[in-house]
Amino acid sequence: MTLRITEVEAYLGEVDPGSHAFRGRTNRNAVMYGPPGHLYTYFTYGMHVCANVVCSPEGTATAVLLRAGEIVDGIEVARLRRVTSKTDADLARGPARLCVALGITLADGGAGLSGPRFHLELPATPSPFATGPRTGVSGEGGTLDYPWRFWIPGDPTVSPYKASVPKKRS
DNA sequence: GTCGAGATTATCT
DNA sequence: GATAATCTCGACC
């Protein structure tokens with residue numbers, strides 16, 4: 001199946017308070033310290049799986065979290081995996097949803113993106129994108145000081161979920 | 001459409 | 001024992 005990535009978040013390793021690598025290398029984030037082009041998956045909140053792409057050389061821990069995407073091919077399979085989704089745009093709108101739709105599990109952690117299981121390729125033409133503060137990150141890592149969220153404006157698969165700070169109702 | 005709270009478990013301190 | 005890079009459901013506008 002094919003997925004067009006529409007939203008990501010950057011994590012700059014040990015200098016990023018929101019990164020799993022902020023407190024140093026652990027057993028879980030060991031993959032991020034490895035060579036680039038690999039898949040870093042992790043289990044969070046006791047029930048969700050998220051996928052990252054390692055993008056820094058061995059020894060450093062930067063990665064890109066796949067937050068949302070559009071199912072281009074194999075949408076029927078994605079629908080079976082995401083029964084709760086009412087629309088196609090919901091199939092991969094959100095990090096955990098994206099993993100479910102693609103069938104990514106913890107067992108895929110460390111897999112290469114040029115191997116038989118996964119293949120990553122760049123688009124023929126670059127897409128316009130916007131930047132902003134990250135969401136879902138606890139602590140100071142989720143503030144405007146770390147505007148490392150990138151998405152394609154206007155794309156229906158980009159999550160509006162908690163995209164803006166809670167505002168009081170007058 | 002938007003807001004608020006609960007669910008549930010691997011991992012880290 | 002506390003925490004967490006989230007999702008879903010129910011209530012309200």
Side-chain angles (χ1 to χ4, degrees), chain A residues 3 5-34 36 38-56 60-71 78-111 113 129-170:
Chain A
L3 179 87
I5 299 171
T6 58
E7 183 182 3
V8 298
E9 266 178 21
Y11 285 88
L12 300 201
E14 297 176 356
V15 300
D16 181 357
S19 173
H20 285 166
F22 181 60
R23 293 187 185 82
R25 180 171 182 159
T26 65
N27 186 49
R28 176 169 59 164
N29 61 30
V31 175
M32 269 202 291
Y33 284 84
H38 285 238
L39 204 59
Y40 164 49
T41 61
Y42 63 89
F43 205 76
T44 190
Y45 285 92
M47 56 177 95
H48 295 300
V49 179
C50 295
N52 298 246
V53 174
V54 180
C55 57
S56 58
T60 50
T62 63
V64 171
L65 166 67
L66 307 181
R67 287 199 60 84
E70 174 189 358
I71 307 294
R79 280 177 184 153
L80 289 176
R81 291 175 175 146
R82 302 267 308 117
V83 184
T84 55
S85 290
K86 295 183 177 61
T87 66
D88 292 345
D90 272 337
L91 290 174
R93 187 168 70 173
R97 294 168 172 181
L98 184 146
C99 290
V100 174
L102 289 181
I104 296 176
T105 68
L106 287 183
D108 294 313
L113 289 173
F129 61 88
T131 65
R134 294 180 297 186
T135 63
V137 180
S138 67
E140 57 182 298
T143 66
L144 276 170
D145 292 332
Y146 302 86
W148 298 331
R149 178 171 173 242
F150 307 89
W151 70 93
I152 299 176
D155 196 292
T157 61
V158 173
S159 60
Y161 188 67
K162 289 183 180 178
S164 60
V165 294
K167 58 183 176 183
K168 292 181 180 177
R169 193 170 307 169
S170 56

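To find a chain, count down the sequence lines: A is the first, B the second, and so on, and within it residues start at 1. Remember, it's a predicted structure, so these values are computed and weren't measured experimentally.
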Under 4.0 Å: is that the gap between some side-chain N or O of A/Thr44 and OP1 or OP2 of C/dT6? no
Do the non-hydrogen side-chain atoms of A/Val31 and A/Val54 ever get within less than 4.5 Å of each other? yes
Distance check: side-chain N/O of A/His48 vs OP1/OP2 of C/dC7, anything under 4.0 Å? no
Ring pair (Phe, Tyr, Trp, His ring centres under 6.0 Å) filter on A/His20, not counting sequence neighbours, yields A/Tyr42
Under 4.0 angstrom, heavy atoms only, what part of the nucleic acid is A/Gly18 near: base, sugar-phosphate, or nothing? base
Nearest-angstrom distance from the residue atom CG of A/Asn29 to C1' of B/dT13: 15 Å
Sort and list the pairs that fulfil salt bridge (charged side-chain N to carboxylate O under 4.0 Å, His left out) and have at least one residue in residues 7-17 of chain A, not counting sequence neighbours. A/Glu7-A/Arg67, A/Glu7-A/Arg149, A/Glu9-A/Arg67, A/Asp16-A/Arg134
For the side chain of A/Tyr11, counting heavy atoms from C-beta on, which of C/dA5, B/dC12, C/dT8 is nearest? C/dA5
Quick note, A/Pro95 side chain, CB onward, closest among C/dT8, C/dA5, C/dC7 is C/dC7
Could you tell me whether the phosphate oxygens of C/dT8, OP1 or OP2, come under 4.0 Å of any side-chain nitrogen or oxygen in A/Arg97? yes
For A/Arg81, all residues meeting salt bridge (Lys or Arg N to Asp or Glu O under 4.0 Å), sequence neighbours excluded: none
Please output the side-chain donor-acceptor pairs of residues 97-105 of chain A that fall under 3.5 Å, not counting sequence neighbours, one pair per line with the distance.
unit_1, atom_1, unit_2, atom_2, d
A/Arg97, NH1, A/Arg93, O, 2.8
A/Thr105, OG1, A/Ala107, N, 3.2

Value for CG (A/Asp155) from OG1 (A/Thr6), rounded to nearest 0.5 Å, stands at 4.5 Å
Pairing annotation in dot-bracket form, given for DNA chain B with Watson-Crick or G-U pairs under 3.5 Å and | for cross-strand partners: |||||||.||||.
State whether A/Arg23 places a side-chain N or O below 4.0 Å from either non-bridging phosphate oxygen (OP1 or OP2) of B/dT11. no
Can you tell me the distance, in whole Å, between the CG atom of A/Asp90 and the P atom of C/dT6? 17 Å
Look at the side chain of A/Ser19 and decide which nucleotide, out of C/dA5, C/dC7, B/dA10, has an atom nearest to it. C/dA5
Taking the minimum atom-to-atom distance to the side chain of A/Phe43, which one of C/dC7, C/dA5, B/dA10 wins? B/dA10
In whole angstrom, what separates A/Glu9's CD from C/dA5's P? 10 Å
Could you state the CZ-P distance from A/Arg81 to C/dC7, rounded to the nearest angstrom? 17 Å
Under the 3.5 Å rule, do the base of B/dA7 and the side chain of A/Tyr45 count as making a donor-acceptor pair? no
A/Trp148: what forms a ring pair (Phe, Tyr, Trp, His ring centres under 6.0 Å) with it, not counting sequence neighbours? A/Tyr146
Listed nucleotide nearest any side-chain atom of A/Met47, set C/dA5, B/dC12, B/dT8: B/dT8
Nearest-Å distance for atom pair CZ/P, residues A/Arg28 and C/dT3: 15 Å
Between P of C/dA4 and OH of A/Tyr42, the distance in whole Å: 13 Å
Could you state the atom-to-atom distance from CZ of A/Arg134 to P of C/dA5 in whole Å? 10 Å
For the side chain of A/Asn27, starting at C-beta, report the closest nucleotide among B/dC12, C/dT6, C/dA5. B/dC12
Distance in angstrom units between A/Arg149 CZ and C/dT6 P, rounded: 11 Å
To the closest 0.5 Å, what do you measure between CG (A/Leu39) and CG (A/Leu66)? 7.5 Å
